[in-house]
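Since the model is a prediction, treat every value here as computed from it, not as a measurement. The analysis underlying the following values was restricted to heavy atoms, covering all of them including side chains, and did not include hydrogens, waters or symmetry mates. Within every chain, numbering begins at 1; the chains are lettered A, B, ... in the order of the sequence lines, protein sequences first and strands thereafter.
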Number of protein chains: 2
Amino acid sequence: MERLTLKDVAKLAGVAPSTVSFVLNGKGKQMRIRDEVAQKIMQVAEKSGYEPHRMAVNLRTGQSKTLGLIVESISGSFFASLAKTIETEAERNGYNVVYCSTENNAQKGAELIKMLGRQMVDGYLITPAPGMEKGVQQLVQNQRPLVLMDSYFPGIKAPYVLTNNYDGVQQGIRQLVKKGLTKIAFVTVDLDLIQLTERQRGYVNTLKENKIAVKKKYILQLKYHRQQSDSLRELRSFLEENPELEAIFFATNYLGIIGLEAISQLGLKMPDDLAVMCFDDHDIFRLYPPGISVIEQPIDNIARTAIDMLMQQLDKGKGPLKKFAVELPGRMILRGST
Amino acid sequence: MERLTLKDVAKLAGVAPSTVSFVLNGKGKQMRIRDEVAQKIMQVAEKSGYEPHRMAVNLRTGQSKTLGLIVESISGSFFASLAKTIETEAERNGYNVVYCSTENNAQKGAELIKMLGRQMVDGYLITPAPGMEKGVQQLVQNQRPLVLMDSYFPGIKAPYVLTNNYDGVQQGIRQLVKKGLTKIAFVTVDLDLIQLTERQRGYVNTLKENKIAVKKKYILQLKYHRQQSDSLRELRSFLEENPELEAIFFATNYLGIIGLEAISQLGLKMPDDLAVMCFDDHDIFRLYPPGISVIEQPIDNIARTAIDMLMQQLDKGKGPLKKFAVELPGRMILRGST
DNA sequence: TACCTGTGCTAAATCGATTTTTCAAATTAA
DNA sequence: TTAATTTGAAAAATCGATTTAGCACAGGTA
């Protein structure tokens with residue numbers, strides 16, 4: 001059960017290794033190999049079950065045909081939705097994917113990028129997190145194929161594709177306002193990421209647009225580096241201190257889930273005591289009674305677009321990217337909570 | 001920004017490439033390289049930031065230092081819990097991991113195994129699903145390092161590690177019985193997988209052990225290849241047709257989640273109208289009021305054990321596996337639903 | 001007849017490492 | 001003093017492919 005090599009196939013077909021290589025790589029015509037010989041080679045390769053040795057090909061061609069996908073958490077729902085599409089799309093293009101997660105460890109982000117470099121991935125798909133600026137910056141400088149997803153670093157000229165966060169929140173807040181609600185809280189987290197500031201901007205401006213005063217005390221910024229139980233407690237206090245609140249908008253599904261727990265613990269009924277809306281859908285929001293309204297991110301579309309943009313960069317001939325920054329609209333899904 | 005090669009380092013240090021290789025691979029003593037020279041080489045390598053070319057190393061050594069992890073669904077909760085541990089444990093051993101999912105496509109399972117073979121993974125971690133028998137059989141025959149997780153194929157002599165399914169269900173049913181419940185339903189799915197039959201065996205035997213009659217009509221076997229909405233409907237009918245039921249045990253979390261929807265639609269209150277317990281925990285079960293009691297699988301432990309067993313196989317010298325089949329106990333988590 | 005030209009393929013170089021072999025110089029043994 | 005051994009490192013082979021250069025041979029041309 002020894003591995004079959006190109007040489008073996010050549011011997012079986014009675015030709016030189018190079019001839020086999022030409023034929024199997026579709027360069028038979030170009031190298032003026034007779035159809036007769038080409039046929040024979042194809043046949044032998046087929047029936048012997050020959051598979052080229054990936055590492056050898058990689059070494060010679062300098063291409064690993066592998067993409068690196070870096071996400072924050074491999075067990076998060078964003079990754080779960082993303083990975084499948086990324087994988088199938090990559091495969092369609094003849095690439096496979098290695099996944100890495102920073103697991104909320106700022107330092108690890110930088111290491112990962114080096115790690116992937118050492119492993120020779122041909123391109124990077126990255127969801128930016130704090131601490132990865134330098135690494136990303138370096139990739140850009142070295143002109144490595146790269147697409148950021150879900151966020152980007154202002155000031156670093158890397159292609160990105162993400163949800164139109166501002167517009168998404170606007171859709172949501174407008175809906176709440178349309179229902180006659182004006183006392184609307186916004187819960188976010190103290191991370192310096194563009195998608196969060198955009199979401200907050202959406203909240204603030206949409207309130208203004210509707211002539212609703214923006215109260216600072218209605219904006220709760222939870223600490224990211226905290227036990228979940230602490231955040232839960234803080235959220236509960238926030239709700240208790242502002243009993244007049246009619247609605248609450250969570251900037252991420254992670255926050256929304258904590259929110260559900262807090263709301264449940266306080267015995268509040270949705271939507272009558274409190275209307276709830278959340279950015280980014282999650283299985284739980286579909287099931288949790290009475291169903292939580294959300295702004296759904298077009299994750300599938302993000303994945304496909306990202307792969308497209310990456311493939312464009314990998315096709316050396318194609319020149320610079322047509323679209324550098326892509327923003328895709330989110331979709332509001334209304335459920336019982338509003 | 002050209003890649004630094006071993007040769008470059010050799011030139012910089014004023015020695016031959018082979019010498020550099022020996023030193024950097026810790027074979028300096030063995031090859032009697034003078035400490036002085038070794039020091040110099042180390043220094044040059046360090047400060048030049050040299051990183052060996054993975055593909056070249058792989059080609060020469062025949063080891064890719066990569067493991068293949070095949071799961072049913074990359075967006076499932078089982079994978080989510082598994083992946084992180086697998087990845088960190090693998091990394092600790094100097095391996096990285098490529099993930100693949102069969103996405104419930106029986107045929108794809110077989111292809112995947114070939115695909116990974118072509119990519120030259122050094123070992124396989126597989127959660128068996130229908131349709132993969134042949135592929136796994138082949139790996140065993142070719143003596144490829146392999147560990148099955150979560151299930152196994154009776155008749156195929158491959159190492160595996162999984163939850164003690166029988167015992168887990170037993171814990172759960174005993175708890176229900178202790179609460180004085182006797183009319184207990186068991187919902188499973190029509191897949192021919194050992195973990196499901198084991199769970200069912202646990203249900204049947206534990207009832208018998210408590211002198212409770214096992215009624216066939218209390219066992220519902222849903223069709224796997226069905227729309228979720230169809231399963232939901234069937235489950236609803238089942239509950240309506242057996243209104244006397246006091247408790248229901250779901251064999252998988254996937255089933256349990258559908259169950260929650262059915263129970264909610266019928267307006268049943270847990271645990272008074274119906275006590276609910278489910279095999280395999282899930283985020284939703286923690287949050288969904290009043291909290292769903294579950295038998296939690298020791299996924300972390302499964303992952304660690306699996307990697308251990310795989311590493312043992314990869315250490316050629318070590319001989320055959322000490323433990324071939326490992327069963328780890330599940331843990332019952334009681335919540336409001338019972 | 002001698003000289004190109006095109007055809008059809010083979011030989012050899014290459015990718016970047018590891019590993020085996022070789023070899024001069026220093027040391028020891030006879 | 002000469003042969004045998006040890007030391008320290010370089011040279012060369014190798015992994016399995018791709019790719020460039022080269023080489024017979026047939027046919028056409030001057």
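Looking at A:Thr66, its side chain does come within 3.5 Å of a backbone N or O of A:Ser64 through a donor-acceptor pair. Checking side-chain atoms of A:Arg3 against main-chain N and O of A:Glu51 turns up a donor-acceptor pair under 3.5 Å. Side chain of B:Asp150 to backbone of B:Leu162: no donor-acceptor contact under 3.5 angstrom is found.
Applying the ring pair (Phe, Tyr, Trp, His ring centres under 6.0 Å) test to every pair with at least one member in residues 73-96 of chain A, sequence neighbours left out, gives these pairs: A:Phe79-A:Tyr99. Listed by first then second residue, pairs satisfying ring pair (Phe, Tyr, Trp, His ring centres under 6.0 Å) with a partner in residues 137-159 of chain A read A:Tyr152-A:Tyr160, not counting sequence neighbours.
In this entry the distance linking NZ of B:Lys29 with C1' of D:dA9 reads 15 Å, nearest Å. Between A:Ile33 atom CD1 and D:dT19 atom C1' the separation is 13 Å, expressed in whole Å. Distance CD (A:Gln63) to C1' (D:dT19): 15 Å, rounded to an integer number of Å. Between A:Leu59 atom CG and D:dT19 atom C1' the separation is 13 Å, expressed in whole Å. Separating the CD atom of A:Gln30 from the C1' atom of D:dT18 is a distance of 13 Å, rounded to the nearest angstrom.
Of the residues in residues 34-49 of chain B, those lying under 4.0 Å from DNA chain D by heavy-atom distance are B:Arg34, B:Val37. Contacts between residues 6-21 of chain A and DNA chain D, defined by a heavy-atom separation below 4.0 Å, involve A:Leu6, A:Ser18, A:Ser21, listed by number.
A:Thr5 is linked by a side chain to side chain donor-acceptor pair (under 3.5 Å) to A:Asp8, counting only residues two or more places apart in sequence or in another chain. Legend: residues meeting side chain to side chain donor-acceptor pair (under 3.5 Å) with B:Arg304, ordered by chain and number and at least two apart, are B:Asp300. Every residue meeting the side-chain contact (heavy atoms from CB on, under 4.5 Å) condition with B:Thr61, not counting sequence neighbours, appears here in chain and number order: B:Val57, B:Gln63. Not counting sequence neighbours, A:Ser18 has no partner by the side chain to side chain donor-acceptor pair (under 3.5 Å) test. Shown here are the salt bridge (charged side-chain N to carboxylate O under 4.0 Å, His left out) partners of B:Arg34, two or more places apart in sequence or in another chain: B:Glu36.
Between B:Asp192 and B:Pro130, every side-chain heavy-atom pair lies at or beyond the 4.5 Å cut-off.
The nucleotide range of DNA chain C contacted by chain B, defined by atoms under 4.0 angstrom from heavy atoms of the protein and reported 5' to 3', is C:dG16 to C:dT20.
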Could you go through nucleotides 23-28 of chain D and list every protein N or O atom that sits under 3.5 Å from one of its N or O atoms, giving the distance for each pair?
none

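Comparing the axis of the opening five pairs of the helix from C:dT1-D:dA30 to C:dA30-D:dT1 with that of the closing five pairs yields an angle of 80°, rounded to 10°.
Between the CD1 atom in B:Ile33 and the CD1 atom in B:Ile41 there is a gap of 6.5 Å [rounded to 0.5 Å]. Between the NE2 atom in B:His53 and the CG atom in A:Leu59 there is a gap of 6.0 Å [rounded to 0.5 Å].
Neither side chain, A:Thr102 nor A:Glu72, offers a donor N or O lying under 3.5 Å from an acceptor on the other.
Nucleic acid contact class of B:Asn25 (heavy atoms, under 4.0 Å, all strands): sugar-phosphate only.
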